[in-house]
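Take a look at the structure below.
One is the number of the first residue; the rest follow in order along the sequence.
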Amino acid sequence: MIWSLIVGAIIGAIAGAITNRGAAMGWIANIAAGLVGSALGQWLLGTWGPSLAGMALFPSIIGAVIVVLIVSYVMGISARK
């Protein structure tokens, strides 16, 4: 369970860095985005690629990017310039 949270945090941080919205969301939101994005990405794209803590990394990152973009749009968080 703790390993999944750590991997979820890393996936969420990567998604936040890709979208430039990670710092505005905070670590708890990044962990949530990583875990939810992992589930979404694997549901949409399957479980191809390397896997860590039961999460396929590439679909998880893509799903987390989608989640971060949706959450930042709904919450009105803009990218820092």
In a table with atom names and distances, give each donor-acceptor pair under 3.5 Å that connects a side chain of residues 44-54 to protein atoms at least two apart or in another chain.
unit_1: W48; atom_1: NE1; unit_2: L45; atom_2: O; d: 3.1
unit_1: S51; atom_1: OG; unit_2: M55; atom_2: O; d: 3.4

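Side-chain contact between V65 and I14 is absent, with no heavy-atom pair separated by less than 4.5 Å. Two residues are said to be in side-chain contact when any heavy atoms from C-beta on lie closer than 4.5 Å; L35 and L5 meet this criterion.
Listed by chain and residue number, nothing satisfies the side-chain contact (heavy atoms from CB on, under 4.5 Å) test with A39 (two or more places apart in sequence, or in another chain).
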Legend entry - Step-by-step side-chain contact (heavy atoms from CB on, under 4.5 Å) determination, I31 to I11: CA-CA 8 Å; I31 292 172; I11 289 171; over 6 Å; no
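Between Q42 and P59, the shortest heavy-atom distance links the atoms N-CB, 4.1 Å. Looking at every heavy atom in both residues, L40 comes nearest to G63 through CD2-O, 4.0 Å. Closest of all the heavy-atom pairs between G37 and V67 is CA-CG2, 3.8 Å.
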